[in-house]
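The analysis underlying the following values was restricted to heavy atoms, covering all of them including side chains, and did not include hydrogens, waters or symmetry mates. Residue numbers run from 1 in the order of the sequence given.
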Amino acid sequence: MHEEGNDGHRDAGVAASGVDQPAFLALERELTVLLRRARASQGEMAREVHPDLEPSAYGLLVRLDECGKQRATELAAYIGVGKATMSRQLRALEELGLVGREPDPADGRAWLVALTQEGQDRVRRVREARRARYAGRLADWDSHEVTELARLLNQLNRGMEK
C-alpha cells in the first residue's frame with residue numbers, strides 16, 4: 001500500500017519513513033481493535049464501580065488506587081485534561097462518594113484528592129474481577145508470554161509519553 005499525493009505520484013516522505021511496512025499496518029489494525037475493546041470495557045467497568053460513573057473517570061480512580069493521594073493538577077497532567085475538566089470530574093466523583101479532598105500539608109493552598117473507603121472498595125473489587133477475566137481469557141498462554149505482553153505494552157506506553 002502506497003500513499004499517493006494529489007499528482008498521483010507516490011509520496012516519498014511516507015515511503016521513506018516506513019509507515020507503510022506490513023508491520024506498522026498490522027500494528028495499526030491491532031491497536032485499533034484493542035482500543036475499541038478497551039473503550040467498551042472501560043464503560044462496563046465504570047458502571048460496575050457506580051452506575052452513574054462516567055467511563056472517562058474510571059482511569060482517574062485507578063490512578064488514585066495505585067498512587068494514593070495526589071493534587072488535582074497532577075491528575076490532570078497524567079490523564080491529559082485541563083484543570084476545568086479535572087475539577088468537573090472530581091466534583092462528580094465527590095458527589096458519588098468515591099473521592100474526597102484534604103489540605104496538602106506541604107502547601108496549605110493546595111488540596112490532595114484520595115479515594116474514600118467506599119471508592120477503594122468499589123475500585124478494587126472491579127479491578128480484581130477484571131484481572132480474573134484476563135486470567136480466564138489468557139489461560140492457554142504461557143506465563144512468560146503474559147509477562148512479555150505486559151513488558152511490551154509498558155514500553156509502548158512509555159514511548160507514547162514522549
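- Shown here for Leu90 and Ala72, the closest heavy-atom pair between the two residues is CD1-CB, 3.6 Å.
- The hydrophobic clustering, which links ILVMFWY residues whose side-chain heavy atoms are closer than 4.5 Å, places Leu115 and Tyr78 together.
- When every heavy atom of Pro105 is checked against every heavy atom of Leu112, the shortest pair comes out as CD-CD1, 3.9 Å.
- Trp111 and Leu93 sit in two unconnected hydrophobic clusters of ILVMFWY residues. Membership requires side-chain heavy atoms under 4.5 Å apart, directly or through other members.
- Annotation for Glu54 and Ala46: closest pair O-CB, 3.9 Å, computed over non-hydrogen atoms.
- Looking at every heavy atom in both residues, Ser56 comes nearest to Gln89 through OG-NE2, 3.0 Å.
- Salt bridge annotation for Glu48-Arg125: absent, with no cationic side-chain nitrogen under 4.0 angstrom from a carboxylate oxygen.
- For the pair Glu145 (side chain) and Asp142 (backbone), a donor-acceptor distance under 3.5 Å is present.
- One hydrophobic cluster holds both Met160 and Leu34 under the rule that ILVMFWY side chains link at heavy-atom gaps under 4.5 Å.
- Hydrophobic clustering (ILVMFWY, side-chain heavy atoms < 4.5 Å, transitive): Val62 and Leu153 are in distinct clusters.
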What do the steps show when you test Trp141 against Leu149 for side chain to side chain contact (heavy atoms under 4.5 Å, CB included), and what is the final call?
CA-CA 11 Å; Trp141 284 40; Leu149 176 60; 3.8 Å; yes

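- The shortest non-hydrogen separation linking Val99 to Thr116 is C-CG2, 3.5 Å.
- No single ILVMFWY cluster, assembled from side-chain heavy atoms under 4.5 Å apart, contains both Tyr134 and Met45.
- A donor-acceptor pair is defined here as one N or O able to donate and one able to accept, closer than 3.5 Å; no such pair exists between the side chain of Ser41 and the backbone of Arg37.
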Stepwise salt bridge (charged side-chain N to carboxylate O under 4.0 Å, His left out) check, Arg63 with Glu74
CA-CA 11 Å; Arg63 178 70 174 184; Glu74 293 171 318; over 6 Å; no

Hey, mind stepping through Glu118 and Arg122 against salt bridge (charged side-chain N to carboxylate O under 4.0 Å, His left out) and telling me if it holds?
CA-CA 6 Å; Glu118 177 73 14; Arg122 287 175 178 249; 2.5 Å; yes

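- Between Leu60 and Val113, the closest side-chain pair of non-hydrogen atoms is not below 4.5 Å.
- Listed here is the closest heavy atom pair of Leu25 and Asp20: CD1-O, 3.6 Å.
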Apply salt bridge (charged side-chain N to carboxylate O under 4.0 Å, His left out) to Arg71 and Asp107, showing your working.
CA-CA 10 Å; Arg71 289 183 181 187; Asp107 181 352; 3.7 Å; yes

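- Distance check, rounded to the nearest 0.5 Å: CG of Leu61 to CZ of Arg124 gives 12.0 Å.
- Between the side chain of Thr147 and the main chain of Ser143, a donor-acceptor pair closer than 3.5 Å is present.
- Side-chain contact check for Leu31 versus Leu156: some heavy-atom pair is nearer than 4.5 Å.
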Step by step, would you call Arg127 with Glu66 a side chain to side chain contact (heavy atoms under 4.5 Å, CB included)?
CA-CA 11 Å; Arg127 293 186 76 198; Glu66 290 180 347; 2.6 Å; yes

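- For CZ of Arg131, the number of neighbouring non-hydrogen atoms (other residues, nucleotides, ligands) closer than 6.0 Å is greater than 12.
- To the nearest 0.5 angstrom, Arg88 atom CZ is 14.0 Å from Lys83 atom NZ.
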